[in-house]
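Keep in mind that the numbers below use all heavy atoms, side chains included, and drop hydrogens, waters and symmetry copies. Residue numbering restarts at 1 for every chain, and letters A, B, ... go by the order of the sequence lines.
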Amino acid sequence: MSTRRDEQRVERWFDGEQDGVGPGPEDRAYADFLQRTRGAVASLPASPGIDDARMGDFLHSIRNEIETPKRSWSGMWALASAAAAAVVVAISIVFIITGGPSPAEANTVDAVGSEISGATTRVDYDSDGTATVWVTLPESDLW
Amino acid sequence: MSVPFEGSLLYDVLPVADDYHWDARIESDAGLVALARTGQYSAFEELVRRYRNDVYALAFHYLRQREDAWDASQEVFIRAHRALGRFRGDASFKTWILRITANCCKDLFKKRRISTVSLEELGGDVGAYTERDPSSELESRELGSAIDTALAGLPHKHRTAFVLREFEGLSYQQMAEVMGCTMGTVMSRLHHARKKLQRALIGMGVIEDN
Amino acid sequence: MRLVSPLLLLTAVGGWAQSATEVSVSIVAVQARNEGGASKTFGPGLEDVKTAIEGLDFDSFTKVKGVTVSAKSEDETRVAINDTYTLFLKYVSRAKDGRVKVEARIELTPKKTGAIPVTALRTELTMVPGKHVNLGGLRLEEGELVLVLRVAR
């Protein structure tokens with residue numbers, strides 16, 4: 001009976017990768033399954049695509065979005081520091097009005113930032129006093 | 001430097017700028033990225049033309065709806081344009097853009113709470129395969145249709161591995177670049193995907209349990 | 001309804017003081033993923049932080065690391081989370097009402113050999129002992145990393 005390791009070796013052989021080993025008698029059934037699925041996938045209609053007639057619309061929307069100025073987060077660190085006191089007061093006022101957790105019972109985020117250009121941050125608070133700081137990193141092949 | 005020949009899509013769709021220097025027919029991906037970084041938007045649009053179907057096909061395999069795949073594909077290229085300055089060339093442009101596609105679709109899943117159908121739910125619901133035409137071609141098509149449906153029941157990472165290998169034809173190395181993981185993880189996920197599909201197809205009665 | 005603004009409270013109690021030079025901080029690093037499951041699943045070791053993370057938009061949570069360190073005022077305390085992310089903590093001050101100011105910084109080491117680490121996230125926090133702060137959004141090979149911090153009472 002094939003083990004997982006045997007099956008993975010057969011898969012590597014089937015996919016044309018190095019260190020692959022062709023199927024032995026006990027792996028034949030699994031190799032047949034791999035072959036059948038590949039043949040079946042090949043029989044499926046080709047995935048839909050974006051034909052030339054629609055390219056204009058496709059490109060137009062992309063260009064519109066790219067050319068819309070985005071808010072820059074550079075220098076946010078200094079701005080956040082300067083605004084920290086105002087943030088604390090604002091949150092305190094919200095707590096006073098809403099009767100949420102006592103300000104002395106809730107975590108607060110006084111400042112937040114990132115050195116990575118294009119990163120964005122946001123801060124959320126829940127009713128239990130848990131603060132969540134979220135950073136969204138831009139796409140890169142560095143990370 | 002040559003100008004796109006009259007009648008080509010590039011010539012017809014884009015105005016030829018005064019600074020136009022390159023020929024889309026021969027420019028490499030790396031060359032286009034370099035040009036796009038200098039602000040030549042037409043170079044970026046050529047990259048869009050080259051890879052829009054790879055991106056769309058992968059997005060469609062994830063999202064299963066043409067309009068969702070269309071929106072996701074646009075978002076992918078928008079993100080790619082913003083990230084051009086960070087593309088170092090360690091990976092090929094194709095695997096880089098497909099990685100952005102995979103991440104984008106994952107984010108869309110989170111936002112829209114697009115749910116997967118469990119393999120158990122698929123078991124008895126997918127067509128009636130009780131009578132199969134003995135002709136191998138029809139059987140292959142039926143199996144293909146069942147696979148297409150069963151893919152929807154796979155976890156995201158396993159579906160990704162199977163789609164990248166069987167539909168996109170990527171090597172394990174390319175899959176690792178797209179999925180941002182090691183080759184060992186690629187092999188593991190691909191194996192899990194195939195085994196889960198095998199169990200699902202047996203459950204549907206499309207293949208025998210050997 | 002609260003009758004006293006926290007700023008007035010601070011004034012009344014004398015504000016912030018360097019009454020100590022360090023504070024104990026517990027850190028739980030969590031791998032958060034979306035598996036498409038019908039309900040949320042929490043791996044072992046997350047009982048203490050479940051309430052802090054269950055509201056996040058993921059359905060599968062796995063503990064990566066749990067550690068308690070002492071954050072000091074004279075220098076950053078370094079906490080290696082994994083090959084990519086490192087947390088740095090620095091104690092700033094403690095108020096007489098017990099709240100603690102802490103600086104937290106997460107450094108990212110790019111994949112490329114020899115690349116210089118960068119600060120992915122830098123925060124200044126005012127923490128209530130026993131309450132949690134989540135620092136999240138950091139991509140992993142699978143899912144995202146969330147660091148759950150809590151200062152000791």
Side-chain angles (χ1 to χ4, degrees), chain A residues 1-2 4-5 7-12 14-20 26 28-30 32-68 70 116-118 136-143, chain B residues 9 13 41 44-45 48-49 52-53 55-58 60-61 66 69-70 73-75 77-83 85-91 96 99-100 103-104 136-137 139-148 165-167 171-172 177 180 187-188 190-191 194-195 197-198 201 207 210:
Chain A
M1 187 174 154
S2 288
R4 173 178 163 175
R5 182 177 285 185
E7 289 177 341
Q8 286 188 299
R9 272 203 289 260
V10 171
E11 287 177 4
R12 288 199 296 276
F14 182 68
D15 293 331
E17 297 284 337
Q18 288 181 352
D19 304 328
E26 293 186 344
R28 177 53 60 185
Y30 189 63
D32 286 345
F33 163 72
L34 294 176
Q35 185 60 54
R36 285 183 69 192
T37 55
R38 183 160 292 173
V41 166
S43 74
L44 287 171
S47 297
I50 299 170
D51 57 34
D52 293 339
R54 297 191 71 190
M55 270 305 288
D57 286 342
F58 189 71
L59 290 169
H60 178 74
S61 298
I62 292 170
R63 187 159 196 168
N64 265 355
E65 186 63 29
I66 286 170
E67 290 180 347
T68 301
K70 291 287 174 191
I116 296 176
S117 178
T136 302
L137 301 180
E139 293 293 342
S140 173
D141 59 348
L142 289 180
W143 50 74
Chain B
L9 277 172
V13 174
Y41 191 77
F44 177 73
E45 286 195 336
V48 176
R49 287 178 198 285
R52 88 250 195 191
N53 286 328
V55 168
Y56 185 86
L58 185 57
F60 183 77
H61 281 301
R66 288 171 188 262
W70 174 275
S73 300
Q74 289 178 321
E75 176 65 21
F77 285 109
I78 291 165
R79 290 188 187 189
H81 187 267
R82 290 185 183 140
R86 286 178 290 276
F87 177 66
R88 295 288 184 269
D90 290 0
W96 186 69
R99 183 172 183 189
I100 295 175
N103 285 337
C104 184
S136 62
E137 189 180 316
E139 190 174 311
S140 195
R141 283 208 299 274
E142 285 178 344
L143 179 57
S145 181
I147 289 171
D148 204 36
R165 184 65 204 96
E166 297 297 337
F167 286 87
S171 68
Y172 288 5
E177 288 171 6
M187 287 187 266
S188 174
L190 187 56
H191 178 69
R194 283 167 163 158
K195 295 302 287 185
L197 276 176
Q198 187 180 37
L201 295 172
I207 62 174
N210 291 317

Checklist entry - Can you find a heavy atom in the side chain of B:I100 that is under 4.5 Å from one in the side chain of B:E75? => result no
Checklist entry - Are A:R38 and A:F14 close enough that some pair of their side-chain heavy atoms sits under 4.5 Å apart? => result yes
Checklist entry - Which class fits the ring pair B:F167 and B:H61: parallel under 30°, tilted 30 to 60°, perpendicular over 60°? => result tilted
Item to check | Among B:L190, B:D148, B:I78, B:L201, residue most engaged with chain A (heavy-atom pairs, under 4.5 Å) | outcome: B:I78
Checklist entry - If you count heavy-atom pairs under 4.5 Å between each of A:G39, A:G16, A:S43, A:S61 and chain B, which one has the most? => result A:S43
Checklist entry - Would you say the side chain of B:W70 lies within less than 4.5 Å of the side chain of A:I50, judging by non-hydrogen atoms? => result yes
Next on the checklist: Between A:E11 and chain B, with a heavy-atom cut-off of 4.5 Å, which part of the residue counts as in contact: side chain, backbone, both or neither?
Outcome noted: both
Checklist entry - Hey, does B:R79 have a side-chain heavy atom less than 4.5 Å from the side chain of B:R82? => result no
Checklist outcome for this item: Applying a strict 4.5 Å limit to non-hydrogen atoms, the region of B:L58 in contact with chain A is neither
Item to check | Contacting moiety of A:D32, where chain B heavy atoms sit under 4.5 Å | outcome: neither
Checklist entry - By a 4.5 Å heavy-atom criterion (distance strictly below it), what part of A:L44 contacts chain B: side chain, backbone, both, or neither? => result side chain
Next on the checklist: Between B:R194, B:M187, B:E166, who has the most heavy-atom pairs with chain A when the cutoff is under 4.5 Å?
Outcome noted: B:R194
Checklist entry - Considering only heavy atoms, which portion of B:Y172 lies under 4.5 Å from any heavy atom of chain A: side chain, backbone, both, or neither? => result both
Checklist entry - Are any non-hydrogen side-chain atoms of A:T37 and B:L197 less than 4.5 angstrom apart? => result no
Checklist entry - At a heavy-atom separation under 4.5 Å, does A:D57 approach chain B through its side chain, its backbone, both, or neither? => result both
Item to check | From CZ (A:R63) to NE2 (B:H81), nearest 0.5 Å | outcome: 8.5 Å
Checklist outcome for this item: Applying a strict 4.5 Å limit to non-hydrogen atoms, the region of A:F33 in contact with chain B is side chain
